Every structure is written in C-alpha cells, then in structure tokens.
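Quick note: residue numbers are just sequence positions, from 1. Just so you know, these numbers come straight off a predicted model, no measurement behind them.
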Amino acid sequence: ASDNRLKEAVTNGVGLGIRDFIIIGYLRGNDLKTIDFSKLPEIRLYAANYYFDKSDYHNPVLLKKIGFDRDKYYEKLKRFLESSNYGPVIMVNALESGHTLPDNKDTIFYQVSEIKNLFSFGYEKIGPEVLKKFQQQQCRTLLLRNDSLTIGVMEYLLEKGIKIPQDIAVIGFNDAPFAPYAKVSLSSISLSLEKNATKLLDHILDHKPLPDIINQQPALILRDSIPADWDFNNFEETINVERARRNEKQ
C-alpha cells in the first residue's frame with residue numbers, strides 16, 4: 001500500500017470491475033492523497049493491519065479500519081523496558097519526505113525517501129548511528145519499525161563485535177517470516193494480518209457487522225535478540241515466547 005502502488009492497484013482494480021479493496025500492510029495518509037476519487041466510480045476501501053495516524057481514525061475514505069496506535073504502543077514498551085532497568089532504549093523512526101530530522105537523543109530518525117533497500121539502509125545508515133549511541137552508553141535496547149531494516153542493523157552490529165542480546169537487545173516490527181531465522185533470531189511485534197483480512201472479507205461477502213474502527217493489540221514475540229532472563233510478566237500487553245537457539249535449529 002506504499003507510495004504509488006496503492007494508486008496503481010486501485011486504478012487497475014477499477015478497470016477490472018472491482019469495487020471493494022482491502023488495504024493490507026503499512027498505509028500512510030499521503031498514500032490516499034495520490035488517488036483522485038472524483039475520477040473513479042463508487043468504490044469501498046477497507047484497511048487492515050496498519051497503525052493509526054491521528055487522521056486515520058475519522059478518515060471518511062476508509063470505511064472500516066483495523067489496526068493499533070503504534071506510537072502509543074512503542075512509548076508504553078519503552079517505559080516498561082526502562083522501568084525494568086532494560087534501558088536506555090533507543091527507537092528508530094521514519095519521517096515522511098520534507099520533514100526536518102529532529103535532534104533527539106532517544107530516537108534515530110530517517111526519511112522514507114532515503115531508502116532504496118531496507119537491509120542495506122539498516123546496515124549502512126542506521127547501524128553506525130546505533131553503534132555511536134551504544135559507545136556513548138545511550139543504548140541498551142533497540143526498537144525498530146521494520147524487520148528487514150532491523151536485520152541490516154543487526155548484521156552491522158555483529159560485524160563490529162557487538163553481541164546481541166548481551167550488549168544490545170533488539171526488537172523489530174511486523175514479525176516477518178524470516179525473523180526466526182536471522183543469525184540471532186529476531187524478537188518482533190506481530191499483528192494478526194490473516195485474521196484482520198478475514199474479518200473484513202466476512203463483512204463484505206457475508207454482511208457480518210463490524211464497527212468502523214477495531215483497535216487491536218499486537219503481540220510481542222520474544223526470541224533470542226532479547227535476553228532469556230528478562231521478565232515481561234508485568235508488561236500489560238500480549239507476550240509470546242518463541243526461543244529458537246541456533247543449535248536447536250541445526
């Protein structure tokens with residue numbers, strides 16, 4: 001659903017006679033602005049498995065929305081980690097094009113327009129920034145918002161002799177299929193993509209009622225990139241533990 005792919009998909013779909021579209025994955029407000037709805041027949045857009053920007057809650061273009069407030073979740077997770085002495089925590093966050101990169105000691109910002117390849121960008125651009133924060137004793141736990149980007153950062157840190165999770169604990173986002181098979185199996189935040197899409201399909205095809213907005217809670221999947229002895233029992237969100245040591249996989 002990113003960039004012009006959403007516009008292209010909707011336009012092509014309309015040409016094929018499709019009127020109902022379920023948008024799956026990362027959706028930004030600017031993505032919808034690329035579509036001139038006045039030039040299209042009446043279509044229905046539904047959004048599944050993405051995080052809510054403030055403007056999304058009452059966006060009339062999106063009839064049904066399933067997702068969560070990602071910023072609020074990350075802040076809650078950051079507070080829990082630091083109150084449990086698992087910090088300091090550094091977050092890595094993307095900005096839309098045109099925004100000035102703020103100077104924030106708790107967050108590494110980058111612009112979406114700079115990315116050509118997520119793994120390479122994580123390795124070449126974000127990895128050195130994280131290493132600098134670690135050397136300045138500003139980073140014990142790293143929170144990122146894409147697993148491919150995270151794998152690139154981890155590769156850079158491992159090559160520089162940083163041990164994961166002994167030196168830096170790492171949490172990605174979207175629980176990609178490859179996350180358990182990284183050099184250090186990656187902890188990640190997971191959303192129920194298939195269940196969300198099924199709910200919307202049931203609504204469309206079988207006229208099952210749904211509220212306009214479903215605020216879901218993601219699950220934090222703990223793997224080897226987080227120390228095994230860290231206690232998440234007091235974290236009020238859903239936790240799944242999937243430890244997968246390299247020797248067990250081999």
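- The closest side-chain donor-acceptor pair between Tyr73 and Gln217, if any, does not fall under 3.5 angstrom.
- To the nearest 0.5 Å, the span separating CG on Asp20 from CG on Leu200 amounts to 10.5 Å.
- Electrostatic pairing of Glu82 and Arg140 does not count as a salt bridge here, judged by no charged N lying under 4.0 Å from a carboxylate O.
- Across every non-hydrogen atom of Thr141 and Tyr86, the tightest pair is OG1-O, 2.5 Å.
- In this structure, His203 contributes its side chain and Pro209 its backbone to no donor-acceptor pair below 3.5 Å.
- Of the possible polar contacts, none joining the Asn196 side chain to the Ile66 backbone as a donor-acceptor pair under 3.5 Å is found.
- Separation of atoms CD1 (Ile239) and OG (Ser187) is listed at 9.5 Å; rounding is to 0.5 Å.
- Taking CD of Glu75 as the reference point, atom CG of Asp106 lies at 8.5 Å (rounded to 0.5 Å).
- In terms of heavy-atom proximity, Trp230 sits nearest to Leu81 at CZ3-CD2, 4.2 Å.
- Between Ala197 and Ile24, the shortest heavy-atom distance links the atoms CB-CD1, 4.2 Å.
- Formation of a donor-acceptor pair under 3.5 Å by the Lys160 side chain with backbone atoms of Gly127 is not found in this model.
- Judged by distance alone, with hydrogens and angles left aside, the side-chain atoms of Ser120 form no donor-acceptor pair with the main-chain N or O of Asn117 at under 3.5 Å.
- In this structure, Phe121 CZ and Lys116 NZ are separated by 10.5 Å, a value rounded to the nearest 0.5 Å.
- Classification of the Phe235-Phe232 ring pair by plane angle, with boundaries at 30° and 60°, yields perpendicular.
- Within the 4.5 Å cutoff, the side chain of Ile226 has heavy atoms near those of the Ile171 side chain.
- Under the 3.5 Å distance criterion, the side-chain polar atoms of Asp147 are matched with a main-chain donor or acceptor of Asp175.
- A side-chain contact (heavy atoms from CB on, under 4.5 Å) with Leu144 is found for exactly one of Asn93, Ile151, Val170, namely Val170.
- Considering only heavy atoms from C-beta on, Arg223 comes within 4.5 Å of Pro180 through its side chain.
- Linking Ile, Leu, Val, Met, Phe, Trp and Tyr residues whenever their side-chain heavy atoms come within less than 4.5 Å leaves Ile221 and Tyr181 in two separate clusters.
- Listed for the Tyr110 side chain is no donor-acceptor partner under 3.5 Å among the backbone atoms of Lys125.
- Looking at Phe173 and Thr150, their side chains never come closer than 4.5 Å, going by heavy atoms from C-beta outward.
- Using a 4.0 Å cut-off between charged side-chain N and carboxylate O, Glu155 and Lys183 make a salt bridge.
- Residues Pro227 and Pro165 are in side-chain contact: their nearest non-hydrogen atoms beyond the backbone lie under 4.5 Å apart.
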For side chain to side chain contact (heavy atoms under 4.5 Å, CB included), just list the numbers for Leu62 and Lys65, CA-CA rounded to whole Å, side-chain angles, deciding distance to a tenth of an Å, and then say yes or no.
-> CA-CA 7 Å; Leu62 299 170; Lys65 301 172 275 290; 3.8 Å; yes
Quick one: do Ile214 and Phe68 satisfy side chain to side chain contact (heavy atoms under 4.5 Å, CB included)? Show the steps, please.
-> CA-CA 8 Å; Ile214 297 177; Phe68 80 115; over 6 Å; no
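- For Glu237, the CD atom counts as densely surrounded, since its 6.0 Å shell holds more than 12 non-hydrogen atoms of other residues, nucleotides or ligands.
- Side-chain contact check for Ser148 versus Phe178: some heavy-atom pair is nearer than 4.5 Å.
- By the 6.0 Å contact criterion, CD on Gln166 is enclosed, its count of non-hydrogen atoms from other residues, nucleotides or ligands being greater than 12.
- Leu220 contributes atom CG, which lies 9.5 Å from atom OG1 of Thr238 (distance to the nearest 0.5 angstrom).
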Intermediate values then yes/no, side chain to side chain contact (heavy atoms under 4.5 Å, CB included), Thr107 and Ile90 | CA-CA 5 Å; Thr107 305; Ile90 292 293; over 6 Å; no
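- Closest heavy-atom contact between Lys7 and Thr34: CD-O, 3.2 Å.
- The pair Lys64-Asp212 meets the salt-bridge criterion, with a side-chain N (NZ, NE, NH1 or NH2) lying under 4.0 Å from an Asp/Glu carboxylate O.
- Contact of the Ile108 side chain with the Met91 side chain is not registered, since no non-hydrogen atoms from C-beta on lie closer than 4.5 Å.
- Across all non-hydrogen atoms, the minimal contact from Ile18 to Ile43 is O-CG2, 4.4 Å.
- Contact annotation: the side chain of Asn215 never approaches that of Asp69 to less than 4.5 Å [non-hydrogen atoms, C-beta and beyond].
- The line from CZ of Arg70 to CG of Leu77 is 12.5 Å long, rounded to the nearest 0.5 Å.
- No donor-acceptor pair under 3.5 Å is formed between the side chain of Ser225 and the backbone N or O of Ala169.
- Across every non-hydrogen atom of Ala182 and Leu186, the tightest pair is CB-N, 4.5 Å.
- Side-chain contact between Arg145 and Val92: absent, with no pair of heavy atoms (C-beta onward) separated by less than 4.5 Å.
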Please lay out, stage by stage, how Leu63 and Leu45 fare under the test side chain to side chain contact (heavy atoms under 4.5 Å, CB included).
-> CA-CA 6 Å; Leu63 298 181; Leu45 292 180; 6.0 Å; no
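- No salt bridge links Glu42 with Arg19; every basic N to acidic carboxylate O contact stays at or beyond 4.0 Å.
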